[in-house]
Amino acid sequence: MPSANSLSDSLGNPLTLDDAASLPLVDDFVMGFISSEARAVNLLAVADADASPIVQAYCATLHLFAESREAAANARPFLAKARAGAARATPREQRYIAAIEAWAEGDIARAIALHAEQAREHPRDLVSVKLGQYHCFNTGDCPGMLKLALAVLPHAAEVPYVHGMAAFGYEQCHLMREAEASARCAIAMCRKEPWAHHALAHVMLTEGRLSEGLAFMESVSDTWIGLNSFMVTHNWWHMALFLIDLGRDAKALAVYDEHAWGVVKDYSQDQIGAVSLLARLELAGIDVGRRWEDVADHLRQRQADHVLPFLDLQYLYGLARAGRPEAEVLLRNIVAFAPNAPASTRAAWQRVCVPAAHGLVAHARGDLAAAIEGLGTALPRMIEIGGSHAQRDLFEQVYLDALVRSGTQASLSAAQGILQQQLNGQPESLRLRRQTAGVYARLGLGQLAGGTTGLA
């Protein structure tokens, strides 16, 4: 067996390990992390036995990805051990430790800068690249996501997951042809590349290729095994969006029940996926029964999380739609937290999250004027709270619903402008056809409900 100080991971990055026997678990983390596989967490098994700085920093990474109020506190003991041994680590490992420390401290701007530097200096540290993309995504920096992937692509072109990372960066920058080409390249190299599946689903949804998108996701869904709960539930979430727009209501509900909710009910991403999918089902006119109750039972723990504004807004809407008093507590906590948020995200909390939070609670309670006011204020800057175009569309759908149901001439006129543009881009969408036709009828333009929207 090689000595512990002459080891490298599967991507060729030198490792400083106290125990060479830890290498397979380090590789589980590295390769599992970039491929969205559940095996990434296997490394936690040696957290107590191997004090290697990079092992400890990777374990801290896993704890921070819990995206919970306790995540940073749970990560700090590992970061303390990593920092204590950093002097014997490689420069790559030292920079990675510093980036995770910045994340734990809420200094996301510094974390991104360190990941960008790592991409230049050590372009095969793909864990660092994916983490940098995660932070750019959460702060609305889509060009930053793409820049990270393109910086390392020439140095790791044989790794399919890098092409998947590039695909999503391209898509979020509205570069659809490049996104599709990169996603298809990744899938050709490795059919089980769920992040590339996800990027291609985004392209097809954005371009209105709904039947094609559904068929594609169904064709690769057999590979969604052994993944982390976010990746598997999120890809099924994307499939449900196609089903909703295509009017396949029962199948969309079945996807929610069987695949999108219930994998890890206490995990942040599973929770917001459930909230946003239930909301979309309802907004499309589908009866979701008592499904809000179960989700809300698991959202009660989120009343003071404030990890990401994008998460808090969806926790809040889920609690409010279920009529839970905890919604009011979370709303007050968001308002109190926003002025004291970390400097690099404070504007997003104050200028976007706070008005959107008021608007979402108002919508859930039927106060349509307040919903229009709050969401109308936030929507032009909504990208600042992160999330993808498809995910943030939830807030526009809620806003549209408030406009339509308020029924004033001004609000219906505003709704017409938004809906018709959306329908132009997604002519297959039965949901948008129905909604647009209804608005034309209420505006006294019922004759347009046939030709412009495609309805008979």
Are the side chain of [X] and the backbone of [Y] linked by a donor-acceptor contact shorter than 3.5 Å?
X      : Y      : result
Asp27  : Ser10  : yes
Ser429 : Gln426 : no
Arg39  : Phe33  : no

Less than 4.0 Å between a side-chain N and a carboxylate O, is that true for [Y] and [X]?
X      : Y      : result
Arg177 : Glu171 : no
Lys251 : Glu218 : no
Lys265 : Asp294 : yes
Glu396 : Arg392 : no
Lys130 : Asp125 : no
Glu117 : Arg110 : no
Arg124 : Asp9   : no

Quick check for you: to the nearest 0.5 Å, what is the distance between [X] atom [atom1] and [Y] atom [atom2]?
X      : Y      : atom1 : atom2 : result
Trp224 : Ser36  : CH2   : OG    : 12.0 Å
Gln314 : Ile272 : CD    : CD1   : 4.5 Å
Phe65  : Trp103 : CZ    : CH2   : 4.0 Å
Lys192 : Cys190 : NZ    : SG    : 8.0 Å
Glu193 : Ile187 : CD    : CD1   : 7.5 Å
Leu277 : Glu282 : CG    : CD    : 11.0 Å

Which heavy atom of [X] sits nearest to which heavy atom of [Y], and what is that distance?
X      : Y      : result
Asn333 : Ala304 : ND2-CB, 4.1 Å
Glu158 : His155 : OE1-O, 4.5 Å
Phe78  : Cys59  : CD2-CB, 3.7 Å
Thr139 : His135 : OG1-O, 2.9 Å
Gly318 : Trp292 : CA-CZ3, 3.7 Å
Gly132 : Leu148 : C-CD1, 3.4 Å

Point to revise | Worked check of side chain to side chain donor-acceptor pair (under 3.5 Å) between Tyr440 and Gln420 | key: CA-CA 10 Å; Tyr440 279 122; Gln420 187 60 59; 2.8 Å; yes
Point to revise | Residue pairs passing the salt bridge (charged side-chain N to carboxylate O under 4.0 Å, His left out) test where at least one lies in residues 298-316, sequence neighbours excluded | key: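 Every salt bridge (charged side-chain N to carboxylate O under 4.0 Å, His left out) pair that includes a residue of residues 298-316, provided the two are not neighbours, is Arg69-Asp305, Arg302-Asp305.
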Practice item. Tell me, please, which residues at least two apart from Glu105 pass side-chain hydrogen bond (donor to acceptor under 3.5 Å, both in side chains). Key: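 Partners of Glu105 under the side-chain hydrogen bond (donor to acceptor under 3.5 Å, both in side chains) test: none.
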Does any part of the side chain of [Y], heavy atoms only, come nearer than 4.5 Å to the side chain of [X], both counted from C-beta?
X      : Y      : answer
Gln271 : Trp261 : yes
Gln422 : Gln435 : no
Ile54  : Val26  : no
Leu375 : Val398 : yes

Check your understanding: Do Trp195 and Phe168 make the cut of ring centroids closer than 6.0 angstrom?
Key ->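 For Trp195 and Phe168, the ring centres are under 6.0 Å apart.
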Practice item. Decide whether Thr233 and Tyr267 meet the rule of one side-chain donor and one side-chain acceptor closer than 3.5 Å. Key: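 Tyr267 and Thr233 do not have a side-chain donor-acceptor pair below 3.5 Å.
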Exercise for review: If the plane angle is over 60° it's perpendicular, under 30° parallel, otherwise tilted; pick one for His198 and His202.
Suggested key: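 Ring orientation, 0 to 90° scale: perpendicular.
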Point to revise | Whether His174 and His389 hold their rings parallel, tilted or perpendicular, with breakpoints at 30° and 60° | key: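 Answer is parallel, since the angle falls under 30°.
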**Study point:** Gln269 and its side-chain contact (heavy atoms from CB on, under 4.5 Å) partner, picked from Met231, His234, Glu67
**Key:**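 When side-chain contact (heavy atoms from CB on, under 4.5 Å) is applied between Gln269 and each of Met231, His234, Glu67, only Glu67 qualifies.
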Check your understanding: Are there more than 12 heavy atoms of other residues, nucleotides or ligands under 6.0 Å from atom CZ of Arg351?
Key ->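 Not more than 12 within 6.0 Å, no.
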Review point. Stepwise, does the side chain to side chain contact (heavy atoms under 4.5 Å, CB included) test hold for Val159 with Met189?
Key: CA-CA 8 Å; Val159 181; Met189 296 170 72; over 6 Å; no
**Study point:** Residues that Glu428 engages under side-chain contact (heavy atoms from CB on, under 4.5 Å), provided they are two or more places apart
**Key:**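 Here the qualifying residues are Leu210, Ser211, Leu246.
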Point to revise | Worked verdict on Trp236 versus Ser221 for side chain to side chain contact (heavy atoms under 4.5 Å, CB included) | key: CA-CA 8 Å; Trp236 282 104; Ser221 63; 4.0 Å; yes
